[in-house]
Amino acid sequence: MRFPDDVPVLTDGTVTLRAHTTADIGPAYETCQDPEMQRWTTIPVPYLQEHAVAFLTEQVPARWADESSYAWAIEYDGRYAGTVDLRDRQGGVGEIGFAVSPWARGNGVMTRAVKLAVRYAFDSAGWHRVIWRAYVGNWGSRRVAWKAGFRSLVTMPEEGLQRGVRRDEWVASITRDDELEPQGHWWTIPVVEGNGVRLRPLEAKDAERVMAACNDERTQLWLAGMPSPYGLDDAHAFIEGRLGLAADGDGVSWAIADPETDDLLGNISAFDLRNRIDPTIAEIGYWAHPDARGRGVMSAAVGLAIKHAFTPLDDGGLGRRRLVLYAAAPNTASAHVAEVNGFTRTGLARAASPRRDGTYEDLISFDLLATEHPDYRKLLENVAD
Ligand SMILES: CC(C)(COP(=O)(O)OP(=O)(O)OC[C@H]1O[C@@H](n2cnc3c(N)ncnc32)[C@H](O)[C@@H]1OP(=O)(O)O)[C@@H](O)C(=O)NCCC(=O)NCCS
């Protein structure tokens, strides 16, 4: 293909993909000074003017000429706003790479540009699969890929190579007949306040208190699967992992926070949302920081979580039909939290709850149906009216 004459112009009316011009050198150089660009891509660091010149005037035209990759400038709001490229791995399979200038982020620009490029790959370049990769932790990129319909995400340890250093990568793909639409839920973690507590997303600032709570003797006793001892790295991995739970559609996990100080008092989750046998259920799980115990914090938090779980999907909730909860038989505090929130004891599984010392406790099971919840009854009454 001859550059720039044969470079196709692709547009959805808001975002346009077009051939790069020398006028893009300045803005491209500026974009590459952004720390996020340097953190998540393989661009040279420090990034010099000559890098932008070589990329736009030599590498991009040469790759169009031998069709080893197609790189477009993204135009948005009348300005250069980034680059998206398709790199051919041959045999109809290739990869997509992208970046948006900081001023244009958060407006859906990248999602639009990715969809245009993917459609080109399938409809004009004859590809049958496009692969997306990002270093683990690049949530903005992962969100773009999800919104554009990439699926079957896996984490590949040390798959990426950034300036000589191996990094773990997320990899997902989309095939020719797939819809360019999100697959499954990426749950939002709403801030909910009431009953004297605030539920909010976990944040890095919670790590110290997560560590203290999870190292506590009683937490360690009843949650035998927790790392022991529980370090600060474990706490950061837990916090990051909660984002993954929501992104995968598996669960929603909140920090229970003090509404005055915002300090973490505990953790509560509704999980198993993609249960293979019954995807209308959720399991409720929790732990409290030792200094928050004995004053109704967890009972209050469970009440808020139940309400969110039973709220219909269209109203921003989890649209659940049935909740389940389990507590080791001697863990009377946990059973109390379930019962004050209306859960019914449904049974006792014998020797089903492992302890760290190799012994097993009996496990009490509880459930709560949406039809038993006062808000659900109110909803039905409104429908009847
Ligand atoms: C990743 C990047 C391309 C996103 O561009 P963008 O134009 O902001 O993308 P969009 O607006 O189409 O979508 C971004 C989505 O990610 C979300 N997002 C951004 N940062 C996020 C984060 N840390 N956690 C969760 N979601 C995040 C945004 O809220 C938005 O979702 P929404 O539309 O549902 O609100 C841009 O931030 C960028 O260029 N980063 C540096 C380079 C890079 O990482 N390239 C990809 C390498 S694989």
Side-chain angles (χ1 to χ4, degrees), residues 12 14-17 24 27-45 47 52 55 69 71-77 79-87 94-118 130-150 153-156 159-163 167-174 180-191 200-204 236 239-249 252-253 316:
D12 65 2
T14 302
V15 162
T16 300
L17 306 189
D24 298 331
Y29 165 77
E30 282 305 321
T31 297
C32 292
Q33 303 309 312
D34 167 44
E36 289 295 296
M37 279 291 294
Q38 305 193 352
R39 183 171 177 207
W40 299 118
T41 73
T42 54
I43 59 168
V45 175
Y47 194 87
F55 180 67
S69 85
W72 289 271
I74 302 168
E75 182 139 332
Y76 171 65
D77 206 18
R79 291 167 66 183
Y80 168 89
T83 292
V84 58
D85 70 349
L86 296 170
R87 301 159 207 163
E95 293 181 8
I96 191 161
F98 49 78
V100 167
S101 309
W103 66 268
R105 289 182 194 153
N107 295 303
V109 171
M110 198 66 252
T111 306
R112 288 172 177 277
V114 167
K115 286 187 175 186
L116 288 169
V118 169
V130 181
I131 297 169
W132 159 86
R133 300 164 176 276
Y135 299 130
V136 168
N138 190 351
W139 289 101
S141 182
R142 178 162 166 177
R143 179 94 180 162
V144 166
W146 175 78
K147 288 197 295 177
F150 284 78
L153 182 137
V154 290
T155 302
M156 302 183 77
E159 171 72 5
L161 184 63
Q162 186 188 42
R163 299 176 207 110
R167 291 185 66 174
D168 298 349
E169 267 189 348
W170 285 322
V171 182
S173 70
I174 187 162
L180 273 57
E181 295 299 331
Q183 298 301 300
H185 293 282
W186 181 316
W187 301 108
T188 49
I189 307 169
V191 177
R200 59 154 174 82
L202 281 141
E203 296 169 24
H236 283 293
I239 292 166
E240 186 84 356
R242 302 303 89 186
L243 297 174
L245 196 73
D248 287 339
V252 170
S253 186

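For ligands, and for the atoms within them, numbers begin at 1 and follow the listed sequence. Since we're looking at a predicted model, the values are computed, not measured.
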[X] versus [Y]: any side-chain heavy-atom pair under 4.5 Å?
{"X": "R105", "Y": "D34", "value": "yes"}
{"X": "R163", "Y": "I43", "value": "yes"}
{"X": "P201", "Y": "V191", "value": "yes"}
{"X": "L86", "Y": "S69", "value": "no"}
{"X": "R143", "Y": "T111", "value": "no"}
{"X": "V130", "Y": "F150", "value": "yes"}
{"X": "S141", "Y": "F98", "value": "yes"}

Side chain, backbone, both or neither: [X] near ligand 1, heavy atoms under 4.0 Å:
{"X": "R133", "answer": "backbone"}
{"X": "V144", "answer": "side chain"}
{"X": "Y135", "answer": "neither"}
{"X": "N138", "answer": "side chain"}
{"X": "R143", "answer": "side chain"}

Discussion item. Strictly distance-based, threshold 3.5 Å: is any side-chain N or O of W132 a donor or acceptor partner for the main-chain N or O of S173?
Written reply: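 Not at all, since once roles are kept as given, no pair shorter than 3.5 Å links the two residues.
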Worksheet item: Is the backbone N or O of A104 less than 3.5 Å from a side-chain atom of N107, with the two atoms forming a donor-acceptor pair by type?
Response: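 Indeed, once roles are kept as given, a pair shorter than 3.5 Å links the two residues.
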Practice prompt. Find the distance between CD1 (I74) and CG (L17) and round it off to the nearest 0.5 Å.
Written response: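 Taking CD1 in I74 and CG in L17, the distance rounds to 6.5 Å.
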Worksheet entry | Approximate separation, where rounding is to 0.5 Å, of L243 CG and D248 CG |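 The distance works out to 10.5 Å.
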Of the protein's non-hydrogen atoms, which lies at the shortest distance from [atom], and what is that distance?
{"atom": "atom 27 (C) of ligand 1", "value": "G140 CA, 3.9 Å"}
{"atom": "atom 7 (O) of ligand 1", "value": "M110 N, 3.2 Å"}
{"atom": "atom 41 (C) of ligand 1", "value": "R105 NH2, 3.7 Å"}
{"atom": "atom 22 (C) of ligand 1", "value": "W139 CB, 3.4 Å"}
{"atom": "atom 39 (O) of ligand 1", "value": "V100 N, 2.8 Å"}
{"atom": "atom 8 (O) of ligand 1", "value": "G106 N, 2.7 Å"}

Using a strict cut-off of 4.0 Å, indicate which atoms of ligand 1 neighbour a heavy atom of [X].
{"X": "S141", "result": "1 (C), 46 (C), 48 (S)"}
{"X": "T111", "result": "10 (P), 12 (O), 13 (O)"}
{"X": "N107", "result": "11 (O)"}
{"X": "A134", "result": "48 (S)"}

Can you find an N/O atom of [X] closer than 3.5 Å to an N/O atom of ligand 1?
{"X": "M37", "value": "no"}
{"X": "K147", "value": "yes"}
{"X": "A104", "value": "no"}
{"X": "F98", "value": "yes"}
{"X": "G108", "value": "yes"}

Look at [atom] and say whether a protein heavy atom is found at less than 4.0 angstrom from it.
{"atom": "atom 35 (O) of ligand 1", "value": "no"}
{"atom": "atom 47 (C) of ligand 1", "value": "yes"}
{"atom": "atom 29 (O) of ligand 1", "value": "no"}

Item to complete: Assign the ring pair W103 / Y76 to parallel, tilted or perpendicular, where the plane angle (0 to 90°) is split at 30° and 60°.
Response: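 W103 vs Y76 ring planes: parallel.
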Worksheet item: Would you call K115 and E181 a salt bridge, using N to O less than 4.0 angstrom?
Response: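 Answer for the salt bridge query: yes.
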Worksheet item: If you measure from each heavy atom of R39 to ligand 1, is any distance below 4.0 Å?
Response: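 Heavy atoms of R39 never come under 4.0 Å of ligand 1.
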Item to complete: Before giving the answer on ring-ring contact (aromatic ring centres under 6.0 Å, His included), spell out for W139 and W170 the whole-Å C-alpha distance, their side-chain angles and the decisive distance to 0.1 Å.
Response: CA-CA 10 Å; W139 289 101; W170 285 322; 4.9 Å; yes
